[in-house]
Amino acid sequence: MNKNLSIFFVSSPLQVLAAQCIAKSIEINRDLILVFYKKNLDKVVKKSIWKKQIYMPWPRHDPEPGLFGTHKRLIKNITLIDNIISDYKSLHIYSAVYDTEAINYFVSFFQKKVGGTNFSARILPDGVISTVRYPLTFFKRILRKTRDFRSLVDKKLVYSHFSGDRIGSDAKFIDKIFVLNGFPHQYRKDKVVILPPLLKNKTKQNNVKNKTRALIIGQPLQGFKLMSINNINLATNVIMQWLTEEKISDFFYKKHPKDKQSTFYNEKYHILSDSISIEEHLAENHYDYIVGVNSTVLFFAKQICSDNSRVLSFGINKVNFKTNNEKINLKKLLEDFKIEVKYV
């Protein structure tokens with residue numbers, strides 16, 4: 001039996017792609033387990049890569065019934081994984097973020113299980129979010145101290161505290177940070193590993209004469225408070241008007257899995273299935289125009305799609321950035337990737 005195990009915790013199609021790239025190119029000769037927090041993610045998984053694929057409910061979003069449901073879910077999740085790893089001597093875990101309770105408690109639990117020298121925690125890339133740092137403030141670090149109370153109820157739930165970047169890039173237990181090819185970062189160079197391209201272009205040029213295709217990328221702008229409702233409506237109308245003036249023949253729309261409002265949707269658009277990985281879809285289907293605001297999909301499109309595809313960002317001037325530095329970094333990223341910017 002293989003005594004070496006790697007576990008990947010994922011919550012988006014992009015993270016699945018990154019996990020599968022690492023599994024095939026780096027985590028060789030190890031048993032591989034994929035743990036996903038969204039049920040529909042199993043539809044984009046290449047099952048041949050993985051020894052097991054496990055659905056694990058997110059504790060705060062899907063708690064156990066009754067009082068202390070989140071706490072009970074945390075225990076249930078750790079017990080589930082504990083039953084799997086009992087025979088392994090070496091363990092690597094991967095996640096895009098480590099401050100969340102859904103992931104963090106596994107760090108201490110696994111270190112005790114296999115020993116600190118046989119354990120490594122690593123960071124998966126998460127698109128544009130991974131291009132900047134999000135420092136934990138003193139107040140937020142104090143709030144996280146309240147999580148220590150869980151260990152008083154159950155010794156399995158010991159929170160691993162760290163300072164610096166929220167995702168955990170400065171934490172002592174992190175030994176590698178994986179970064180998407182072509183994307184900038186602000187992490188320690190000695191920890192960074194640049195991934196090879198996740199996908200290759202397999203598209204065939206649109207051979208239908210006088211037929212043009214546009215893909216509109218939805219984002220949870222309202223839900224994440226990145227743009228006001230009025231500005232979302234403005235951007236939606238401007239996008240539709242601009243595409244109409246370009247005499248587009250067919251409109252397609254891809255909803256973001258976390259977007260309850262279906263941002264930018266118009267009744268003229270053909271909706272792509274939720275089960276589709278948009279990154280893989282772009283690698284296999286040609287679009288003349290790919291439109292959004294600041295979605296990671298736009299940057300992937302510039303890497304994956306042919307030069308005949310125009311990639312455009314609408315309404316970046318209406319986005320609510322957390323800091324001016326974040327705004328500057330994103331504008332530079334759009335410029336570096338040669339994405340056309342349209343103000344609304």
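What you see is a predicted model; the values in this text were computed from it and never measured. The figures here come from the full heavy-atom set of this structure, side chains too, leaving out hydrogens, waters and symmetry mates.
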**Prompt:** What about Ile271 and Ile248, same hydrophobic cluster or not, with Ile/Leu/Val/Met/Phe/Trp/Tyr joined at side-chain heavy-atom distances under 4.5 Å?
**Reply:** yes
**Complete:** dist Gln20:CD -> Ile49:CD1 (nearest 0.5 Å) comes out at 4.0 Å
**Asked** So Tyr55 and Phe36, would you call those rings parallel, tilted or perpendicular, with 30° and 60° as cut-offs?
**Response** tilted
**Prompt:** So if you build clusters from Ile, Leu, Val, Met, Phe, Trp, Tyr with side-chain heavy-atom gaps below 4.5 Å, do Leu234 and Phe224 land together?
**Reply:** yes
**Prompt:** What side-chain hydrogen bond (donor to acceptor under 3.5 Å, both in side chains) pairs are there with at least one residue in residues 311-335, not counting sequence neighbours?
**Reply:** Lys332-Asp336
**Prompt:** If you take all heavy atoms of Ser163 and Asp170, which pair is closest and at what distance?
**Reply:** O-CB, 3.7 Å
**Asked** Can the ring centroids of Tyr98 and Phe106 be said to lie less than 6.0 angstrom from one another?
**Response** no
**Prompt:** Do you know the tightest heavy-atom contact between Ile177 and Ser169?
**Reply:** CD1-CB, 3.5 Å
**Pairwise distance CE(Met240) to CD1(Ile216) - rounded to 0.5 angstrom** = 7.5 Å
**Prompt:** With the 4.5 Å side-chain cut-off for hydrophobic clustering, are Val297 and Val341 part of the same group?
**Reply:** yes
**Request:** Give, for atom CZ of Phe264 and atom OH of Tyr269, the distance between the pair rounded to the nearest 0.5 Å.
**Result:** 9.5 Å
**Message:** With a 3.5 Å distance limit and no angle check, can you tell me whether Asn181 reaches the backbone of Pro196 through a side-chain donor-acceptor pair?
**Reply:** no
**Request:** Evaluate the side-chain contact (heavy atoms from CB on, under 4.5 Å) criterion for residues Val97 and Asp126: first the C-alpha distance (whole Å), next the side-chain angles of each, then the deciding distance (0.1 Å), finally the verdict.
**Result:** CA-CA 9 Å; Val97 63; Asp126 200 21; over 6 Å; no
**Asked** Can you tell me if Lys342 uses its side chain to pair, donor with acceptor, with the backbone of Leu312 under 3.5 Å?
**Response** no
**Item:** Sidechain-backbone polar pair: Asp250 side chain, Arg213 backbone, donor-acceptor under 3.5 Å
**Value:** no
**Note: Lys156-Asp154 ion pair, threshold 4.0 Å (strictly below)** = no
**Request:** Would you check if Val179 and Pro125 make a side-chain contact, meaning some heavy-atom pair closer than 4.5 Å?
**Result:** no
**Message:** Closer than 3.5 angstrom, by distance alone: can the side chain of Tyr253 be matched with the main-chain N or O of Thr263 as a donor-acceptor pair?
**Reply:** yes
**Heavy atoms of other groups near Lys172 NZ, more than 12 under 6.0 Å** = no
**Short side-chain to backbone donor-acceptor contact, Asn104 and Ser160, under 3.5 Å** = yes
**Asked** Can Val132 be reached from Phe321 by stepping across I, L, V, M, F, W or Y side chains whose heavy atoms are under 4.5 Å apart?
**Response** no
**Asked** Are any non-hydrogen side-chain atoms of Cys305 and Val311 less than 4.5 angstrom apart?
**Response** no
**Request:** Could you tell me whether a side-chain N or O of Ser108 sits under 3.5 Å from a main-chain N or O of Tyr105, the two making a donor and an acceptor?
**Result:** no
Can I get a per-line list of side-chain donor-acceptor pairs under 3.5 Å for residues 56-65, giving both atom names and the distance, sequence neighbours left out?
from  : atom 1 : to     : atom 2 : distance (Å)
Arg60 : NH2    : Glu101 : OE1    : 2.8
Glu64 : OE2    : Arg73  : NH1    : 3.1
Glu64 : OE2    : Arg73  : NH2    : 3.0

**Message:** Just verifying a value: how many Å separate Phe162 CZ and Ile167 CD1, rounded to the nearest 0.5 Å?
**Reply:** 8.5 Å
**Request:** Starting at NE2 of His92, measure out to CG of Asn118 and round the result to the nearest 0.5 Å.
**Result:** 9.0 Å
**Request:** Look only at the side chain of Gln219 and the backbone of Gly292, and say whether a donor-acceptor pair between them is shorter than 3.5 Å.
**Result:** no
**Message:** Does the plane of the ring in Tyr287 sit parallel, tilted or perpendicular to the ring in Phe252? Use 30° and 60° as the thresholds.
**Reply:** perpendicular
**Prompt:** After noting the C-alpha distance and the side-chain angles of Asn83 and Thr79, does the key distance pass the side-chain contact (heavy atoms from CB on, under 4.5 Å) rule?
**Reply:** CA-CA 6 Å; Asn83 293 332; Thr79 302; 4.1 Å; yes
**Request:** Could you check if a side-chain atom of Phe109 sits within less than 4.5 angstrom of a side-chain atom of Asp82, using non-hydrogen atoms only?
**Result:** yes
**Request:** Decide yes or no for Ile93 and Phe9: does some side-chain heavy atom of the first lie under 4.5 Å from some side-chain heavy atom of the second?
**Result:** yes
**Message:** What's the separation between atom CD1 in Ile7 and atom OH in Tyr94, rounded to the nearest 0.5 Å?
**Reply:** 12.0 Å
Indicate every side-chain donor-acceptor pair of residues 134-142 with a distance under 3.5 Å to a residue at least two apart or in another chain.
from   : atom 1 : to     : atom 2 : distance (Å)
Thr137 : OG1    : Lys140 : N      : 3.2
Arg141 : NH1    : Leu136 : O      : 3.3

**Message:** With a 3.5 Å distance limit and no angle check, can you tell me whether Gln241 reaches the backbone of Asn237 through a side-chain donor-acceptor pair?
**Reply:** no
**Request:** Show your reasoning for whether side-chain contact (heavy atoms from CB on, under 4.5 Å) applies to Ser90 and Arg30.
**Result:** CA-CA 9 Å; Ser90 168; Arg30 300 179 69 89; 3.2 Å; yes
**Prompt:** Taking the side chain as C-beta and beyond, is there a heavy-atom pair between Glu279 and Pro13 under 4.5 Å?
**Reply:** yes
**Request:** Locate the shortest heavy-atom distance separating Ile33 from Ile54; write the atom from each residue and the value.
**Result:** CG2-CD1, 3.9 Å
**Asked** Is any side-chain heavy atom of Ile26 closer than 4.5 Å to a side-chain heavy atom of Phe178?
**Response** yes
**Geometric class of the Trp242/Tyr289 ring pair [parallel <30°, tilted 30-60°, perpendicular >60°]** = perpendicular
**Asked** Is there a donor-acceptor contact under 3.5 Å linking the side chains of Arg150 and His71?
**Response** yes
**Message:** Is it the case that atom CD1 in Ile229 sees more than 12 heavy atoms from other parts of the structure closer than 6.0 Å?
**Reply:** no
**Prompt:** Under a 4.0 Å N-O cut-off, is there an ion pair linking Asp175 with Arg122?
**Reply:** yes
**Asked** Given Leu198 and Leu14, is the side-chain contact (heavy atoms from CB on, under 4.5 Å) satisfied, shown in steps?
**Response** CA-CA 9 Å; Leu198 301 187; Leu14 173 59; 3.9 Å; yes
**Within one Ile-Leu-Val-Met-Phe-Trp-Tyr cluster: Leu333 and Ile328, side-chain cutoff 4.5 Å** = no
**Complete:** Of all heavy-atom pairs linking Tyr187 and Ser130, the shortest is OH-O, 3.0 Å
